[in-house]
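Worth knowing before you read on, the calculation uses all heavy atoms, side chains too, and leaves out hydrogens, waters and symmetry mates.
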Amino acid sequence: MQLPKQVQIKEVGPRDGLQNEMMFIPTDDKVNLVNQLSETGLSYIEVTSFVHPKWIPQLADAVEVLKEMKRNTDVTYAALVPNSKGLERAIQADVDDVSVFMSASEGHNKSNINKSIDETFPVLKEVVDGALAAGKTVRGYISTVIACPYDGYTKPEQVVYVAEKLFDMGISEISLGDTIGVGVPTQVDALLHEMLRHFSAEKLAMHFHDTRGTALANIMTSLAHGITKFDSAIGGLGGCPYAKGASGNVATEDLLYLLHEMGIETGVNLEKIQKTALYMEGIVGKKLSSKLVAIARGEEGTCRIS
């Protein structure tokens, strides 16, 4: 099997993970989470979101978290930004990287953003233009690239259409999200076959939710296509407030175990990640879905990986 020698993990737990928790996680705990993640070898952490607190109250303390956390110069700190007003706050909080987001399907886009796909492009262009003018890099998320909870399965050609529009705005990378976690390797293969006809693998990342236990299998398929950037969340935190039934992201530590055991370098310390996941399990007050956290929990909190 032809596999890449190195992969970059983009940690989205502090944003995509915590936004779906029913309880509000205290600001100090969020800051501690980011600080711990910053010392694991991760090079990219999505810290928070500047979506209006009315819609995502769990991340209403975005500015406070960014101002109080300790920054590691080797880490890029990102935030999700929906519009120009959110961008103003993100720039004031000194984010390094701005993430914009939309869906490949009309139904999810209208539910998530309250706009059609074509109505969303001008809004995001304002954000991208403003972020680039402020010297920030911009990343794009496309949700529901495999299927939509409202519209059914998504055609790969539709994902290409949205991606082309976003790249034309000047963003540097697109993360392709299986938002409801229904994808299987054959579908991922078909999607990437079409995407890679139009875009280089270096410009794409994959974002898998593990709702049906297929995230790691889908990552294997992506690796075979030459994809070397993957989003994941500590402990498998996450979901989607606008996609009923969507469970958490693939767990960072489970993904690291897979990659490291196959000899793929990430630069991330698995033991530190596992300890941080155990810390978060205590903060959220429930068992997380991560397989490695379950193993560590069975060992009374130790992280012995041989």
Side-chain angles (χ1 to χ4, degrees), residues 8 10-12 14-16 19 43-53 55-56 59 62-63 65-66 75-106 108-145 154 156-177 179 191 195-196 198-207 227-231 240 242:
Q8 183 185 21
K10 300 206 166 186
E11 173 61 48
V12 299
R15 192 279 299 177
D16 196 19
Q19 75 174 14
S43 59
Y44 187 102
I45 302 171
E46 192 175 56
V47 175
T48 189
S49 166
F50 286 90
V51 174
H52 195 285
W55 305 114
I56 308 290
L59 302 180
V63 172
V65 173
L66 280 159
V75 179
T76 295
Y77 296 100
L80 199 70
V81 176
N83 50 40
S84 294
K85 184 172 288 188
L87 179 63
E88 290 177 13
R89 297 175 61 222
I91 290 173
Q92 289 171 0
D94 197 26
V95 298
D96 300 318
D97 185 85
V98 169
S99 299
V100 297
F101 60 97
M102 64 181 298
S103 305
S105 60
E106 290 286 357
H108 188 261
N109 205 71
K110 288 176 181 176
S111 177
N112 196 17
I113 302 177
N114 202 30
K115 289 180 173 60
S116 71
I117 286 174
D118 286 339
E119 289 170 341
T120 302
F121 291 132
V123 176
L124 296 191
K125 190 173 188 311
E126 284 187 13
V127 177
V128 174
D129 288 348
L132 294 176
K136 310 297 181 182
T137 53
V138 185
R139 187 181 201 231
Y141 283 105
I142 304 179
S143 301
T144 60
V145 299
T154 305
E157 294 80 6
Q158 175 64 15
V159 184
V160 170
Y161 168 73
V162 174
E164 284 179 334
K165 293 286 189 181
L166 292 176
F167 277 129
D168 286 345
M169 294 178 195
I171 71 170
S172 59
E173 174 183 302
I174 285 177
S175 174
L176 302 172
T179 310
L191 172 64
M195 291 296 291
L196 292 171
H198 300 268
F199 317 106
S200 67
E202 292 74 22
K203 287 184 170 290
L204 302 177
M206 304 305 290
H207 183 116
I227 302 298
T228 59
K229 287 177 279 193
F230 296 93
D231 299 348
C240 177
Y242 301 98

Using modelled atom types and a 3.5 Å cut-off, is there a donor and acceptor pairing between side-chain atoms of [X] and backbone atoms of [Y]?
| X | Y | value |
| --- | --- | --- |
| N109 | K115 | yes |
| Q8 | T228 | no |
| T48 | R15 | no |

Between [atom1] on residue [X] and [atom2] on residue [Y], distance to nearest 0.5 Å:
| X | Y | atom1 | atom2 | result |
| --- | --- | --- | --- | --- |
| S84 | L124 | OG | CG | 10.0 Å |
| I174 | M206 | CD1 | CE | 11.5 Å |
| K229 | L176 | NZ | CG | 11.0 Å |
| T137 | E173 | OG1 | CD | 9.0 Å |
| E11 | S43 | CD | OG | 11.0 Å |
| Q158 | L191 | CD | CG | 12.0 Å |

(request) Go through the steps to decide whether Y141 and E46 satisfy the test side-chain contact (heavy atoms from CB on, under 4.5 Å), and finish with yes or no. (result) CA-CA 12 Å; Y141 283 105; E46 192 175 56; 3.0 Å; yes
So do [Y] and [X] actually touch side chain to side chain, heavy atoms under 4.5 Å?
| X | Y | result |
| --- | --- | --- |
| N83 | E126 | no |
| F101 | I113 | yes |
| D97 | S99 | yes |

(request) State which residues pass side chain to side chain donor-acceptor pair (under 3.5 Å) with S103; sequence neighbours excluded, sorted by chain then number. (result) H108
(message) Would V145 and T154 count as a side-chain contact (heavy atoms from CB on, under 4.5 Å) here? Give the steps.
(response) CA-CA 6 Å; V145 299; T154 305; 5.8 Å; no
(request) Answer with yes or no whether the side chains of Q19 and S49 bring together a donor and an acceptor at under 3.5 Å. (result)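 No, no side-chain donor-acceptor pair sits under 3.5 Å.
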(request) Please identify each residue that fulfils side-chain contact (heavy atoms from CB on, under 4.5 Å) with N114, with sequence neighbours left out. (result)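 With sequence neighbours excluded, N114 shows a side-chain contact (heavy atoms from CB on, under 4.5 Å) to no residue whatsoever.
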(request) Could you tell me whether D231 and R139 make a salt bridge, using a distance below 4.0 angstrom between a side-chain N and a carboxylate O? (result)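 Judged by the 4.0 Å cut-off on N to carboxylate O distance, D231 and R139 do form a salt bridge.
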(request) Work out which heavy atom in I45 is nearest to a heavy atom in P14; give both atom names and the distance. (result) CG2-CG, 4.0 Å
